[in-house]
Amino acid sequence: MQQEAGWSACGSVAGQPGCLKIQSMNMRYDFKEIEQKQQHFWEKEGLFRLDDRKASRPYYCLEMFPYPSGRIHMGHVRNYSIGDVIARFKRMRGFDVLHPMGWDAFGLPAENAAIKHGIHPAKWTYENIDYMRQQLKRMGLSYDWSRELATCDPDYYRWEQLFFIEMMEKGLVYTKKSRVNWCEQCQTVLANEQVEDGKCWRCDTDVQERELDGWFFRITAYAEELLAGCDKLKNWPEKVLTMQRNWIGKSTGAEIKFPLKGRGEALTVFTTRPDTLFGVTFMSISPEHPMALELSRGTGQEEAVRDFIERWEKTLKAERYGETEKEGIFTGSYVLHPVTGDEVPVFIANFVLMEYGTGAVMAVPAHDQRDFEFARKYGLPIRLVIAPRDKKIDPDAMEEAWEGPGILVNSGEFNGLDNEEAKKAIVEFLEQQGKGSSKVTYRLRDWGISRQRYWGAPIPVIYCPNCGAVPVRKEDLPVKLPAEVEFDPKGRSPLPELRSFYETTCPKCGAAARRETDTMDTFVESSWYFARYICRDDDTMPLDRERVDRWLPVDQYIGGIEHAILHLLYSRFFTKVLRDLGYLSADEPFDRLLTQGMVLKDGAKMSKSKGNVVDPNTMIERYGADTVRLFILFAAPPERDLEWSDRGVEGAHRFLLKIWRLVTDNIEALRKSGNASNSGMQNAASMHPELKRLRQKTHQTIAKVTRDIEERYHFNTAISAVMELANELSPLLKEDSIERLPGEGLWPVALEAIEAMLLLLSPMVPHMTAELWKMLGHSKPLALEPWPEADSDAASVETVTIVVQIKGKVRGRIQAPAGASQEDVEKLAMQEPNVQRHLEGKGVRKVIYIKDKILNIVV
RNA sequence: GCCGAAGUGGCGGAAUUGGUAGACGCGCUAGAUUCAGGAUCUAGUGGGAGCUAUUCCCGUGGGAGUUCGAAUCUCCCCUUCGGCACCA
């Protein structure tokens, strides 16, 4: 299918940068052959297949599964390279690693492709999957492919439909008519989380509002738990947690009732500042407030209010909020202040949101900047009730609201209270009077999951004229998405026109009924796939609790920051729902989260429109998967953005060539030494100092790489440590060194260094290291070898360099035996001419000695 | 406006607990090899000064401070990126 052309580029174009396949004396580094051979071997042996039931040390390593858009991009390469290092490393550390891969296969692009090119979404999707699977395999990723899943498979979404029905039974799903975000381009509803700056997250179209019936997941029922859970996610980036906390947006305050003058009803407001109750001089309600128009009836303001609301409704959502000027109109009605009984005019104001709180706000212009601006514009009174402690405010001369703390004034019996205490006191007072109560509000809205599109999981509901919305019977699941459909060029879903699909009978009463033709938001599928991998082979139930509990939460989850809210919040919610439905025990889906940075080119995110896309295929073809993996891991630590550099890739390739030659050029001697086993290693005392130094470096490197991978995921420094070891080793294997150093002493030490390098690099550069490992005579595959242990004796040094400072400035370096006493070091330091010079004629006031590191003399 | 992350050579980045700033790589310079280019190997590579020495000064966005010692800690400021944002 796609992109076959241009695949056989390397080798043919002489002088092209990157054609670095250099003939070494003995063996060429033919990465293509090596990589294919190793991949074939891994697959044949089932090296990465996991029997989850037999695992004694479970470790679940997971990367966010891709949308099968057609081909992988560098972001995928980075994501999966990082994940693969962790998976391979943990495997070598003795863990039973679950490392699956699958496809987030429902979604709009498939449907749009169908409309544009006349290919069925299913065909388009599965062909893309086939191609991308082959691309991932070409990268040498250690997945257990037997667990592969695609969310558009009825065997997957049938379970989701089951969850939906069970959530309905629990009251966690409901339907309502509501004002929703509508994208005309995508012809569908968007969740709040999918609207960015009033625009569609996918296509950037201005979002409109529509009144529509839709299904909602009651995520707000878990708002408090989702928020509290953030504090327990110790291994998540602070950034992601902050974003989630902001999104949930908890605020604590009070609801207060203001009786409407001349009516029985009251207007209820939500406020976080009940302490400013006596400063209320007017009320502001949203233009969407159900009483907005009603309040103006018979007041003479009715027409003006109607005009205002109509004008407001025509404004696009994107333009409505932000830095627009505050505007409003008097409704003609008044409420009565719950304590003073004063008459307070009610205004409609363009900045009051219906979705938040009660859609009505008590306005305190002295202590809220928005109310202040509004009051100034419409000449409304400003009443100061919080007096700051350290300055005097003249209410008539105020230029902005005072939003800080202070002492209550003009507040009747509450005068003199600290404003924080007053919050409690006033709420208590209102509660006693039945005029208000404390209240917690969240910004989080329920998750609208209905989508008016075809390529998604059908919502398992039937509308009966007698019984209303009735869930499909569980034994009738799955509700399969029909394959034979005609696509509308504008993108409207074909399902509402497809009689064979929507015509059905009521599961309750048997009457003729209509099936729901909306499909579920694709984020529903990605909210639980990580659990399904665990029992992918079980077609009798969605989740086998015993198996799932063994593996969840995922030990390490890796993906892009762009999912900080959407996918990660939904998955957390779904995990809690599945727990409450009895499917699993975990409270949270992901224990550790690593959010990798973007891959940039020329300082910008790669995109077709900018023309700065680097295609993974081209790179893998030219340099090999090992090189591409190595570069992408070496160029930056994982959480940071990474600047793609063709030169850098060549550097990575050169390093691999160097390792290749280090082994193949000396293969005879190394093999011989390997056969002789450890007996060849001389004891430390008699070892040549250069060899002793190499051994030290080898073991120091093992320790450093282990720390860098295990504790910090800083693969860049891990790789540079191995490079240092290679730099130390390679001069010793030059002809003159080999002659100079005693051969029977050299080779065992060199072999030890080389084997350490291969083991340490193997999670990052799995193919070449495995090939060389075999070449050295090992019969066990490298991927199954245990991770090396650093020998701390071998790594320790006998002499150390101690920096001598005078008043904090470096004035000399001395060699001293490790662990030397301060006295001895001082004596040595005093012999240094440069140190003597700087001490001349000055009295020593103080000496600070940090063992084996620094001697600082203060004069 | 609020919240978060970051700012280190020509570039990507390192410095793990306050202890030699610039590891490693890229690039660059010189030399070796080569018909040449490429590749490879060797040496050098923060800036400046200089009695050329195991030398001195400056240097981690800017300014102050704590400390024997600060890229690292504290305060103020600047810049960049990301998120939220008329949330009452």
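Labels below follow one simple rule: chain letters A, B, ... track the order of the sequence lines, proteins then strands, and each chain is numbered from 1.
- Across the strands present, B:U29 finds its partner in B:A43; the criterion is a Watson-Crick or G-U wobble pair with both atom distances under 3.5 angstrom.
- Each of A:Ala652 and A:Lys658 lies near RNA chain B, and the nucleotide nearest A:Ala652 is the one positioned closer to the 5' end.
- Nearest heavy-atom pair across A:Phe258 and A:Val269 is CE1-CG2, 3.8 Å.
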TODO: Tell me, with the steps shown, if A:Arg629 and A:Met764 meet side chain to side chain contact (heavy atoms under 4.5 Å, CB included).
DONE: CA-CA 7 Å; A:Arg629 292 171 58 134; A:Met764 303 173 253; 5.8 Å; no
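- Side-chain contact of A:Tyr356 with A:Ser251: a donor-acceptor pair under 3.5 Å is present, judged by distance alone.
- Nucleotides B:G18 and B:C24 place their P atoms 25 Å apart, quoted to the nearest Å.
- Using a 4.0 Å heavy-atom criterion, one finds that A:Asn716 contacts the sugar-phosphate atoms exclusively.
- As rounded to whole Å, 15 Å separates atom C1' of B:C24 from atom NE2 of A:His714.
- Between A:Tyr378 and A:Phe347, the ring-plane angle classifies as tilted under the 30° and 60° cut-offs.
- B:G9 takes the syn form, because its glycosidic angle lies no more than 90° either side of 0.
- Nearest-nucleotide positions on RNA chain B for A:Lys704 and A:Glu643 put A:Glu643 closer to the 5' end.
- Smallest separation of non-hydrogen atoms from A:Leu444 and A:Thr220: O-CG2, 3.3 Å.
- A:Pro637 comes within 4.0 angstrom of the backbone, heavy atoms only, and of no base.
- Between the CD atom of A:Glu400 and the C1' atom of B:C86 there is a distance of 16 Å, given to the nearest Å.
- Across B:C26 and B:C77, the matching P atoms stand 43 Å from one another, rounded to whole Å.
- If you check B:C81 for Watson-Crick or wobble pairing at under 3.5 angstrom, you find it paired to B:G4.
- Considering only the side chain of A:Arg443, B:C87 comes nearest among B:G19, B:C87, B:A23.
- Distance CZ (A:Phe374) to P (B:A88): 18 Å, rounded to an integer number of Å.
- Note on A:Arg654: a side-chain N or O is less than 4.0 Å away from OP1 or OP2 of B:G27.
- Across all strands shown, B:A88 forms no Watson-Crick or G-U wobble pair with both key distances under 3.5 Å.
- The gap from the C1' atom of B:A85 to that of B:C2 amounts to 8 Å, rounded to the nearest Å.
- Closest to the side chain of A:Met723, out of B:G82, B:C24, B:G12, is B:C24.
- One side chain, A:Arg572 or A:Gln244, offers a donor N or O that lies under 3.5 Å from an acceptor on the other.
- Applying the ring pair (Phe, Tyr, Trp, His ring centres under 6.0 Å) test between A:His653 and each of A:Phe634, A:Phe31, A:Phe631, A:Trp660 identifies A:Phe31 as the sole match.
- Within 4.0 Å of A:Asp371, counting heavy atoms only, lies no atom of the nucleic acid at all.
- When the P atom of B:G10 is taken as reference, atom CZ of A:Arg647 falls 19 Å away, rounded to whole Å.
- Taking the C1' atoms as reference points, B:A23 lies 14 Å from B:G9, given to the whole Å.
- Pair check for B:G65 finds B:C73; Watson-Crick or G-U wobble, both atom distances under 3.5 Å.
- The listed nucleotides are B:A15, B:C24, B:G19; the one nearest the side chain of A:Arg712 is B:A15.
- Rounded to whole Å, the separation between the C1' atoms of B:U79 and B:C41 comes to 44 Å.
- Contact check, A:Asn856 against B:U20: no side-chain N or O comes under 4.0 Å of OP1 or OP2.
- Pairing for B:G37 is absent, with no Watson-Crick or G-U wobble pair whose two atom distances lie under 3.5 Å.
- Note on A:Glu711: nothing from the nucleic acid sits closer than 4.0 angstrom, heavy atoms only.
- Applying the Watson-Crick and G-U wobble criteria (two distances, each under 3.5 Å), B:U17 pairs with nothing in any strand.
- Here the separation of B:C56 from B:G1, taken at their P atoms, is 48 Å to the nearest Å.
- Using a 4.0 Å heavy-atom cutoff across all strands shown, A:Val858 reaches sugar-phosphate atoms only and no base atom.
- The side chain of A:Val810 approaches B:A21 more closely than any other nucleotide in the set B:A21, B:A88, B:U16.
- B:A15 and B:U8 have their C1' atoms separated by 10 Å, with the value rounded to a whole Å.
- When both distances must be under 3.5 Å, the Watson-Crick or G-U wobble mate of B:A53 does not exist.
- A donor and an acceptor atom, one from each side chain of A:Lys697 and A:Asn727, are nowhere located under 3.5 Å apart.
- Close to B:C56, at under 4.0 Å from its OP1 or OP2, lies a side-chain N or O of A:Arg811.
- Pair assignment for B:G22 gives none, since no Watson-Crick or G-U wobble pairing has each distance under 3.5 Å.
- Of the candidates B:A23, B:A88, B:C3, the closest approach to any side-chain atom of A:Thr272 belongs to B:A88.
- Between B:U60 and B:U20, the two C1' atoms lie 15 Å apart (nearest whole Å).
- Contact annotation for A:Thr271: backbone-only contact, meaning every heavy-atom pair under 4.0 Å involves sugar-phosphate atoms and none involves a base.
- Across all strands shown, A:Arg245 has no heavy atoms under 4.0 Å from either base or sugar-phosphate atoms.
- Rounded to an integer number of Å, the gap from CG of A:Leu630 to C1' of B:G13 is 15 Å.
- Using modelled atom types, one finds no donor on one side chain facing an acceptor on the other under 3.5 Å when comparing A:Glu639 with A:Thr595.
- We find that CG of A:Leu353 is positioned 10 Å from P of B:A88, with the value rounded to whole Å.
- For A:Asn246 against B:C84, no side-chain N or O and base N or O form a donor-acceptor pair under 3.5 Å.
- Regarding A:Ile565, its CD1 atom lies at a distance of 8 Å from the C1' atom of B:C84, rounded to whole Å.
- The side chain of A:Phe351 sits closest to B:C86 out of B:A23, B:U16, B:C86.
- Comparing B:G12, B:A14, B:C68 against the side chain of A:Phe634 picks out B:G12 as the nearest.
- Put simply, the side chain of A:Lys846 and the base of B:C68 share no donor and acceptor less than 3.5 Å apart.
- Side-chain nitrogen and oxygen atoms of A:Ser251 include at least one within less than 4.0 Å of the OP1 or OP2 phosphate oxygen of B:A88.
- Residues A:Val810 and A:Val804 have side chains not in contact (no heavy-atom distance under 4.5 Å, counting atoms from C-beta outward).
- Among the nucleotides B:C41, B:A88, B:G13, the one closest to any side-chain atom of A:Lys734 is B:C41.
- Atom-to-atom, CE of A:Met598 to P of B:G83 comes out at 9 Å; the value is rounded to the nearest Å.
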